[in-house]
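Below is one structure, written out as C-alpha cells; the observations come after it.
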Amino acid sequence: MSGDHIQQYGSGSIGKAEHTGSGDIVAGGKTVGATEGGPALEALLREIERLRPHLDENDRAELDTAAGSIAGETSAERRRGLVQRISGIAALVGEVGVPVLAAAKALLAG
C-alpha cells in the first residue's frame with residue numbers, strides 16, 4: 001500500500017515483506033521462498049492434484065507428503081528423491097498416472 005510507514009531496528013530486520021500470490025515472498029526487495037522449477041514444477045503439482053482422487057488413503061497421504069515438500073526443497077538430490085517417490089506411486093496406478101510421470105520427467109530434465 002502506498003503511504004505505509006515502517007520502522008525496524010536490529011540486525012535481523014528485512015524490511016517490508018510482501019506476498020504477491022504467486023508462491024513467492026518479497027522481503028526487503030529480495031525474493032525469498034521462491035521455488036526453482038517454475039512451470040515444470042507447477043505442471044507436476046497440477047498433475048498430482050488430478051491423480052489424487054484415483055488413490056487410496058495411504059498412497060494419497062504419501063503423495064501429499066512428497067508434493068508438500070518438493071516445492072521448498074533446495075537440494076537437487078533430495079528433490080530427485082521426492083520426484084522418484086511421486087513417480088513410483090503414479091506408476092503403480094497405471095494409465096491414470098502417466099501424466100504425472102511425464103511431468104516428473106520434464107521437471108528432472110529441466
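As the structure is a prediction and not an experimental result, all values here were calculated from the model. Just so you know, residue 1 is the first one in the sequence shown, and it goes up from there.
Here the closest heavy-atom approach between residue Gly97 and residue Leu51 is recorded as CA-CD1, 4.1 Å. Smallest separation of non-hydrogen atoms from Asp56 and Asp59: OD1-N, 2.8 Å. Contact record, Leu55 with Ile89: CD2-CG2, 4.0 Å, taken as the closest heavy-atom pair.
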*Take Arg79 and Leu41 through the test side chain to side chain contact (heavy atoms under 4.5 Å, CB included) and record every step on the way to the result.*
CA-CA 11 Å; Arg79 179 178 270 194; Leu41 178 59; 4.0 Å; yes
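Tracing side-chain contacts under 4.5 Å through hydrophobic residues (I, L, V, M, F, W, Y), one reaches Leu63 starting from Val96; they form part of the same cluster. Cluster membership for Leu101 and Ile86, using ILVMFWY side-chain heavy atoms within less than 4.5 angstrom, is not shared.
Residues that satisfy the side-chain hydrogen bond (donor to acceptor under 3.5 Å, both in side chains) test with Arg78, not counting sequence neighbours, are Glu73. Arg60 meets the side-chain hydrogen bond (donor to acceptor under 3.5 Å, both in side chains) test with no other residue; sequence neighbours excluded.
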Counting only pairs under 3.5 Å, give me each side-chain donor-acceptor contact of residues 43-50, with atom names and distances, residues two or more places apart or in other chains.
{"residue": "Glu47", "atom": "OE2", "partner": "Arg50", "partner atom": "NH1", "Å": "2.8"}

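In this structure, CG in Leu108 is found 7.0 Å from OG in Ser87, a value given to the nearest 0.5 Å.
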